[in-house]
Amino acid sequence: MLVYLSMIDAPEEKSKFEGIYLKYRNLMYYVAYQILQNHHDAEDAVHQAFISVIQNMKKISEIESSKTRSYVVIIVERKAIDMQRKKRREDLLELNESISGVEIPLPGGGGLADAMSRLPCHYREVLLLRYDNDLKNKEIAQILQITESGVRKLLGRAKCALKAELQKEGAGL
């Protein structure tokens, strides 16, 4: 953790990061391991995710909130998926764009939460970053390492997929 703290200048941000690190490191490792199925790769993904968290500390207001939890999980998922894609490219295997991320159990009771949990990982992530974390398309593009137009397209597709899921349930829109 000292390496991470040395990257931060402001004492209040150091304190905030320390709280985030202590609160979410095990969850982040679990998420990364579920995707990568390798301890060393999972540790690398968590390390890269913490570096991204440090670079985006101003976007985190509270340590213990559902927004912060979803934010760090999305970041570590993306890092793990990126590592998996890179490894597949290196192995000269066909790239599978449908890497699912971590499976989310249905909250139950139907509605928006169930529909969201049935969406593919990349759709769920972009919707949560945009509407739960109130990030702009430019900020989402930086986090997901895609272009702003890619974010707009992904948001449009995610909204259509969510609408279709809600219509399957019979929820009126």
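Just so we're clear, the structure is a prediction, and the values are computed from it rather than from any experiment.
Partners of A80 by side-chain contact (heavy atoms from CB on, under 4.5 Å), not counting sequence neighbours, listed by chain and number: A32, I35, L36, A45. Here F50 pairs with Y4, F17, Y21 under the ring pair (Phe, Tyr, Trp, His ring centres under 6.0 Å) rule; sequence neighbours left out.
At least one side-chain heavy atom of M57 sits under 4.5 Å from a side-chain heavy atom of I20. Between I140 and I146, the closest side-chain pair of non-hydrogen atoms is not below 4.5 Å. Side chains of R78 and H122 form a contact here, defined as non-hydrogen atoms less than 4.5 Å apart. At least one side-chain heavy atom of L162 sits less than 4.5 Å from a side-chain heavy atom of L112. Two residues are said to be in side-chain contact when any heavy atoms from C-beta on lie closer than 4.5 Å; E139 and L129 fail this criterion. The shortest distance between side-chain heavy atoms of R124 and L128 falls below 4.5 Å.
Note on E148 versus K138: no salt bridge recorded, every NZ/NE/NH1/NH2 to OD/OE distance being 4.0 Å or above. In summary, K168 and E165 engage in a salt bridge, as defined by a charged side-chain N under 4.0 Å from a carboxylate O.
For A158 against V126, the heavy-atom pair with the smallest separation is CB-CG1, 4.0 Å. Here the shortest heavy-atom pairing between N56 and K59 reads OD1-NZ, 2.9 Å. Closest approach of Y29 to E43, counting heavy atoms only: CE1-CG, 3.9 Å. Contact record, K14 with I8: CE-O, 2.8 Å, taken as the closest heavy-atom pair.
Distance check, rounded to the nearest 0.5 Å: CD1 of I81 to SG of C121 gives 4.0 Å. Here the OG-OH distance, from S52 to Y71, works out to 7.5 Å after rounding to the nearest 0.5 Å.
Side chain of T68 to backbone of I60: no donor-acceptor contact under 3.5 angstrom is found. At least one donor-acceptor pair closer than 3.5 Å links the side chain of Q37 to the backbone N or O of Y33. Judged by distance alone, with hydrogens and angles left aside, the side-chain atoms of K67 form a donor-acceptor pair with the main-chain N or O of D132 at under 3.5 Å.
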* For the pair K163 and Q167, evaluate side-chain contact (heavy atoms from CB on, under 4.5 Å) and give the outcome as yes or no after the intermediate values. => CA-CA 6 Å; K163 182 178 179 180; Q167 287 175 342; 3.4 Å; yes
* Check against side-chain contact (heavy atoms from CB on, under 4.5 Å), R130 and L135 -> CA-CA 5 Å; R130 180 69 177 104; L135 297 180; 6.0 Å; no
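More than 12 non-hydrogen atoms from other residues, nucleotides or ligands lie less than 6.0 angstrom from CG of D134. Around CZ of R25, the count of heavy atoms belonging to other residues, nucleotides or ligands within 6.0 Å exceeds 12.
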